[in-house]
Amino acid sequence: MDVPRPHRRFLDDVLPRIRQDARVTGVAVAGSIAGGTPDPYSDVDLIVVVDDAEFDSVMAERLPLIGSWVPLVAGFTGEHVGEPRLIVTLVGPPLLHVDFKFVRASDVAERVEDPRILWERDGRLTDALAERQPASPSLDPQWIEDRFWVWIHYGATKLGRGELFEAIGVVTFLRETVLGPLAAHRAGAEPRGVRRLESVAPDAAHDLRRTLCGYDRQDVGRALLACVELYRQWSGDGTVERNRTAEELAVQYLQDIVAPTD
């Protein structure tokens, strides 16, 4: 497995320590390392598979446990990304971002990608993964359409009130939640916000530069209108039931805020 030297050194150090815990039945790595595309800036996405009967006890002591495995600099749980089983850490020095995801042995087959197994007891992880295929996250264009024009109106209200930080946040949200995933989907890549968009969809990434803005009312309005234009271009594949009334009214509202007539 070809990985950067700090990542390799970390894995070589941590695996023997994790293996000493009899409650752990296997360790795998996901993300760019599993996909064969790591670089010096990559995270290490570890999956720590725990025997079902011991899972609750491991979950109760995750941070101290990780601290016994690695030189832990900082760590916290992953509720902010909807994954309470996750511990996000910095280890080192040298500093390295490592995500430790603790998974029941009976749940490890539920995954969005195939991890690379680093170690396992008695082939248990291999057997569990063979039970089913990974289910990659899918993009739901109708889900987006049902919400997009409400989000545009919300951004326009914040712009009209002069809450530029909030309006800029709406533009960022639209780029990460709507436009980035649509661009990746159109390029045949996994929709993951704007992650790696410059490499998987370079033309779309260039177009997305129009949604960047500074702390300026006119500039934020221009960026919101660019979000509308790009959404119209990238969502017109004929599979979505468009809410034309919401579209017309929200865009008109935004245009009136950006360029009032009186």
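In the hydrophobic clustering, where aliphatic and aromatic side chains (Ile, Leu, Val, Met, Phe, Trp, Tyr) are joined below 4.5 Å either directly or transitively, Val49 groups with Ile47, Val103, Val108, Ile117, Leu125, Leu129.
Using a distance-only test at 3.5 Å, with no hydrogens or angles considered, no donor-acceptor pair links the side chain of Arg210 to the main chain of Leu208. The closest donor-acceptor contact from the side chain of Glu54 to the backbone of Val24 lies at 3.5 Å or more, if one exists at all. Between the side chain of Thr77 and the backbone N or O of Pro84, no donor-acceptor pair lies under 3.5 Å. Glu120 contributes a side-chain N or O that, together with a main-chain N or O of Thr126, makes up a donor-acceptor pair within less than 3.5 Å. Judged by distance alone, the side chain of Asp207 and the main-chain N or O of Leu230 form no donor-acceptor pair under 3.5 Å.
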### Task
Evaluate the criterion side-chain contact (heavy atoms from CB on, under 4.5 Å) for residue pair Cys227 and Val171; output intermediate values, then yes/no.
CA-CA 7 Å; Cys227 289; Val171 174; 4.1 Å; yes
### Query
Where do Asp127 and Arg124 land on the salt bridge (Lys or Arg N to Asp or Glu O under 4.0 Å) test, with the steps shown first?
CA-CA 5 Å; Asp127 292 343; Arg124 298 181 202 176; over 6 Å; no
### Message
Apply side-chain contact (heavy atoms from CB on, under 4.5 Å) to residues Glu166 and Tyr154 and explain how you reach the verdict.
### Response
CA-CA 10 Å; Glu166 185 72 11; Tyr154 180 84; 2.9 Å; yes
### Query
Under the side-chain contact (heavy atoms from CB on, under 4.5 Å) criterion, do Asp107 and Asp52 qualify, and how do the steps go?
CA-CA 9 Å; Asp107 292 336; Asp52 283 24; over 6 Å; no
#### Entry: side-chain contact (heavy atoms from CB on, under 4.5 Å) evaluation trace for Leu96 with Arg9
CA-CA 11 Å; Leu96 191 63; Arg9 185 183 303 119; over 6 Å; no
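Asp99 has no carboxylate O lying under 4.0 Å from a charged side-chain N of Arg85, or vice versa, which leaves the two without a salt bridge. Between Arg8 and Asp12 a salt bridge is recorded (basic side-chain N to carboxylate O distance below 4.0 Å). Taking the charged nitrogens against the carboxylate oxygens, Arg244 and Glu247 do have a contact shorter than 4.0 Å, which makes a salt bridge.
Pairs passing the side-chain hydrogen bond (donor to acceptor under 3.5 Å, both in side chains) check and including a residue from residues 185-196, sequence neighbours excluded, do not occur.
Atom NZ of Lys101 and atom CG of Asp45 lie 9.5 Å apart (nearest 0.5 Å). Annotation: the span from Leu174 atom CG to Leu224 atom CG amounts to 7.0 Å, rounded to 0.5 Å. Atom OH of Tyr253 and atom CG of Leu159 lie 9.5 Å apart (nearest 0.5 Å).
Across all their heavy atoms, Leu65 and Asp21 have their closest contact at CD1-OD2, 3.7 Å. For the residue pair Pro16 and Leu11, the shortest heavy atom distance occurs at CD-O, 4.4 Å.
Under 3.5 Å, the side chains of Thr211 and Arg175 contain a donor-acceptor pair of N or O atoms.
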